[in-house]
There are 2 protein chains.
Amino acid sequence: MTTSTTTRLLDAAEFRMRRGGYNAVSFRDLASDTNIKSSSVHYHYPRKEDLAVALIQRYREQFFEALDKNTRSANEAESKLRAFRLLYRKALIKDGALCLCGLLGAEAAGLPPSVRDAVNGFFAANIEWVSEALPASMPMAERRKAARRLVATYQGGMMLAKSMDDPKLFDAIATTAIEQSPALNR
Amino acid sequence: MTTSTTTRLLDAAEFRMRRGGYNAVSFRDLASDTNIKSSSVHYHYPRKEDLAVALIQRYREQFFEALDKNTRSANEAESKLRAFRLLYRKALIKDGALCLCGLLGAEAAGLPPSVRDAVNGFFAANIEWVSEALPASMPMAERRKAARRLVATYQGGMMLAKSMDDPKLFDAIATTAIEQSPALNR
DNA sequence: CGCAATATATCAGGTGATAGATAGGCGATT
DNA sequence: AATCGCCTATCTATCACCTGATATATTGCG
């Protein structure tokens, strides 16, 4: 089976952007990655921000598809949160790169508004998901607060682990974080 | 009093780099910021990575000078950690930008090794400082773990708050984080 | 003088983006 | 069945501009 050009373009863009950020991706790089010419890349994504927005959209969809799949049979908050942590872990360890939105979020001030919005949509959905996963016995305000803190810790943990080139650092940080989520210490 | 050219260069570079990252700073931008020519910038910092390393060094020194100053009369772990949190907060709120090393750490994979090393030195010093600030009654291994998690949470919290354009988000995340530092719940 | 700091001028290469040509497939018309 | 027009996807060629970096000249001060 052959992979569509847009898929190969997004694959190449994701690989590069999750390592170097928005400016580390050029139309010429993507063209040579996919064996077409840079003008053909513009045919599929006229402007660079179009490409970035499409990439973030796909990233978000794939993230939540995997998350839903891995929590289909999960009832307890603890197993849902574990699936969430393992998905972040996989992004770091298996892909060997940061979360796309973690990197773009750091660069947010210099990004086109449409890209920034897409990144923030990912974060909002993350926080929303974790809030829902926390036990209903916990007040909603408290759940949102814990959710925000969890996402912040995981994003910061990925950044630290990748920057310091020590994947175990993420586990040390993230595993502790989940144990200390107030809802789970009943 | 006049400010030295290198100081003005580092000021301009810090402003730009803390918003857009490494690639968002160009010699020509810095030249026009400081009313000199780009070749004169090269006189002070021959290569871009020289400039970045010097900038990170200064950032680190100023950070720990301020930290020492603000904890000179602090004995309790709680007040030391509060000073640490408030310094991160100031970097975000007053400067209106991310931590220089938080941004560069995210871009680490695409940076020159010397710059990456300088960034990691900042993180290592951060973790070390927090480890020392935590109560001696706590085992060192546990202190290091809590310190890593705290730094990760603050870095991630800054990124989330700045990206989502909601400074209060950092307070919500960071205040909760410090309250949950295991050592302080005695 | 001699040195530190600036300037002029230029280089090779990369950047996002656009205009216009070409090829091939596919359905509709003849 | 053959042809035509259209559409998708690619190509070639080029634009103006920005990038880090260098060689060389000039300035001004102690």
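Reminder, nothing fancy here: chain letters follow the sequence lines and each chain counts from 1.
In terms of the side-chain hydrogen bond (donor to acceptor under 3.5 Å, both in side chains) criterion, B/D68 has no residue partners (sequence neighbours excluded). Looking at residues two or more places apart in sequence or on another chain, you find a side-chain contact (heavy atoms from CB on, under 4.5 Å) between A/A125 and A/R60, A/F64. For A/A24, the side-chain contact (heavy atoms from CB on, under 4.5 Å) criterion is met by no residue, not counting sequence neighbours. Among residues two or more places apart in sequence or in another chain, the side-chain contact (heavy atoms from CB on, under 4.5 Å) test is passed with A/S114 by A/E49, A/V53, A/P112. Scanning for side-chain contact (heavy atoms from CB on, under 4.5 Å) contacts around A/A66 gives A/L87, with sequence neighbours left out. Here B/D165 pairs with nothing under the salt bridge (Lys or Arg N to Asp or Glu O under 4.0 Å) rule; sequence neighbours left out.
Here ring pair (Phe, Tyr, Trp, His ring centres under 6.0 Å) pairs that include residues 32-55 of chain B, with residues two or more places apart or in two chains, are B/F27-B/H42. Residues in residues 28-45 of chain B take part in these salt bridge (charged side-chain N to carboxylate O under 4.0 Å, His left out) pairs, two or more places apart or across chains: B/R16-B/D29, B/R16-B/D33. A ring pair (Phe, Tyr, Trp, His ring centres under 6.0 Å) check over residues 90-118 of chain A, counting only residues at least two apart or in different chains, returns nothing.
Near DNA chain C, meaning a heavy atom under 4.0 Å away, the residues from residues 14-27 of chain A are A/V25, A/S26, A/F27. DNA chain D is contacted by B/R28, B/S39, B/H42 of residues 28-45 of chain B, taking any non-hydrogen atom closer than 4.0 Å.
A 4.0 Å heavy-atom criterion places the boundary nucleotides of DNA chain C facing chain A at C/dT15 to C/dA19, written 5' to 3'.
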